[in-house]
Amino acid sequence: MMINRAKLRQSFENIRSLTEALCDPLEIEDYVVQPIEDVSPPKWHLAHTTWFFEKVILEKFEANYKPYDPTYHFLFNSYYQSFGERWQRTMRGVLSRPTVREVLAFRKAINERMTNLIETCSDQDLPEIGRLITIGVNHEQQHQELLVTDIKYIFANNPLSPVYNSIIKEQNVHLPEPAMIQISGGVMCIGYDGNDFAWDNEKPVHRVFVDDFHISNSLVTCGEYLEFIRDGGYKDFRHWLSDGWDRVQQEGWQAPLYWSALGDEWQMMTLSGLRPIEAAEPVSHISYFEADAFARWAGKRLPTEAEWEVAAHNLNSDLQSANLLDTQAFHPLANKTSFLGNVWVWTSSSYSPYPGFVPEAGELAEYNGKFMSGQIVLRGGSCATPRDHIRLTYRNFFQPEKRWQFSGIRLADNLHK
Ligand SMILES: [Fe+2]
């Protein structure tokens, strides 16, 4: 495949500058905080995404390569055993140095070296460099989503309830009636089968049997979820998986993350500050356990990932109208009807390799495959996912108790009961 150097450079530069633009609303102190292990300091995201380009590409392909700072390889490696020792994940927030200014200088220097490499590398090296840059760009897009969700967690844990984004999108709600749509099953193909970029975990395309099923044309809303709460949903073990019920007890869950009681009403922390619950909005920041419990309470179930993918091909999965990062709402919106966007949908499928799965070559074999244990697949992208990052075959994955991502519910049901 011919690689266009100008397009590659443009794609690289666009992604690098968007990451920094996402940090524009931050004050310097916001960059360093790590309230829980899952939530990395924004400064760490800025540095780690830069380390990725230096380690994976420059170190191999730059003539007379010298590390920008050898200590950064230790500080900003995330989980790659094959790249050597690394700073503990739980301690990212104690690093007051390097400073934000130094990390931004690191980004600038690596950006210059990368663009120089794109312009001057041999035609022979270009295809492999292009392939790795595409992975690096997609990696950085994943961190853009994490930046948004981590900033939300950092702000939500501050009693001053800081505002990240003061522009609240209009939500003129003219929604179609919620309905369960019948989808015909059979032996279906799922997985990625195109020529553009996709992660190794989306491949290969393969056949699965999916029975006829129903899936909702809408996401579960805050209003519907409130009915579950008011009906004692968090107090009745019968709705819950055993591990989920244990979590409810241990963590004292009574509502989605970021919801707080205000008298008889509920309010929630958003990236636009604290505000009352909006009943028509898709519910977000719930764990797999909560999604599963809600579905059981509602007399339905979660879709499998195969069902979700088959349905996505059948229903309105318009990318342009979906609420994704580029919409800049930074919050689920009630008036979006695309099957994609708003919130990642918890499926009932464990994250495991597709038949014939082959991990990415070299060190990047660690990227996805080694996490295929104890996690659940989520589909569809969220209001924090870049528009040119999501696909119908995209498999996100988190442990079932995680709540800090924009994760929600789309109900499914058996056709034949
Ligand atoms: Fe990463």
Side-chain angles (χ1 to χ4, degrees), residues 11-12 14-20 22-23 31-32 34 36-60 68-69 71-93 95 98 103-104 106-107 110-111 114 131-154 197-202 325 344 351 359-372 375 378 381-382 384-386 388-390 394-399 402 404-406:
S11 151
F12 173 78
N14 287 349
I15 260 58
R16 299 288 287 165
S17 55
L18 175 58
T19 304
E20 289 167 27
L22 288 170
C23 293
Y31 283 87
V32 194
Q34 183 181 25
I36 55 169
E37 179 178 358
D38 288 327
V39 172
S40 293
K43 181 175 74 175
W44 187 89
H45 288 294
L46 291 171
H48 162 72
T49 47
T50 308
W51 163 85
F52 191 94
F53 284 109
E54 183 183 2
K55 188 72 190 168
V56 174
I57 299 171
L58 292 178
E59 191 174 291
K60 277 201 188 86
Y68 178 85
D69 182 328
T71 64
Y72 288 10
H73 291 260
F74 172 72
L75 289 178
F76 301 124
N77 177 4
S78 51
Y79 54 66
Y80 295 89
Q81 305 279 350
S82 46
F83 288 142
E85 293 294 307
R86 72 213 72 88
W87 184 247
Q88 309 94 296
R89 186 181 186 216
T90 50
M91 300 287 274
R92 289 171 185 167
L95 297 172
V103 165
L104 290 173
F106 174 43
R107 284 184 71 88
I110 297 301
N111 285 352
M114 283 294 301
R131 185 183 77 86
L132 293 171
I133 288 176
T134 304
I135 292 177
V137 159
N138 278 273
H139 169 251
E140 185 143 351
Q141 288 183 309
Q142 290 182 326
H143 279 276
Q144 287 169 352
E145 174 144 15
L146 288 169
L147 256 175
V148 172
T149 55
D150 290 1
I151 290 167
K152 183 167 182 178
Y153 195 95
I154 290 166
F197 175 80
W199 294 112
D200 55 5
N201 63 12
E202 298 168 62
L325 179 64
W344 289 98
Y351 179 51
E360 198 67 52
E363 292 95 344
L364 297 182
E366 289 187 57
Y367 203 103
N368 285 310
K370 74 178 186 182
F371 298 111
M372 290 173 174
Q375 309 209 43
L378 301 97
S382 81
T385 311
D388 58 355
H389 185 69
I390 192 68
Y394 199 105
R395 306 174 80 198
N396 197 357
F397 52 92
F398 282 100
Q399 289 89 358
K402 300 299 186 202
W404 98 110
Q405 295 299 297
F406 287 98

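The structure displayed is predicted, hence computed values, not measured ones. Ligands are counted one by one from 1 in listed order, and the atoms in each one are counted from 1 as well. For the numbers below, each heavy atom of this structure counts, side chains included, while hydrogens, waters and symmetry mates do not.
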Heavy-atom closest contact (Q34 atom, R89 atom, distance): NE2-O, 2.8 Å
Using 30° and 60° as the class boundaries, would you call the ring planes of W87 and F74 parallel, tilted or perpendicular? perpendicular
Which label fits W44 and H48: parallel for a plane angle under 30°, tilted from 30 to 60°, or perpendicular past 60°? parallel
Given W344, W404, Y351, the one that forms ring pair (Phe, Tyr, Trp, His ring centres under 6.0 Å) with F398: W404
F197/W199 under ring-ring contact (aromatic ring centres under 6.0 Å, His included): CA gap, chis, key distance, verdict: CA-CA 7 Å; F197 175 80; W199 294 112; 4.9 Å; yes
Test side-chain hydrogen bond (donor to acceptor under 3.5 Å, both in side chains) on Q405 and S382 and set out the steps. CA-CA 9 Å; Q405 295 299 297; S382 81; over 6 Å; no
Can you list, by chain and residue number, the protein N, O or S atoms under 2.8 Å from the Fe ion (ligand 1)? H48 NE2, H139 NE2, H143 NE2
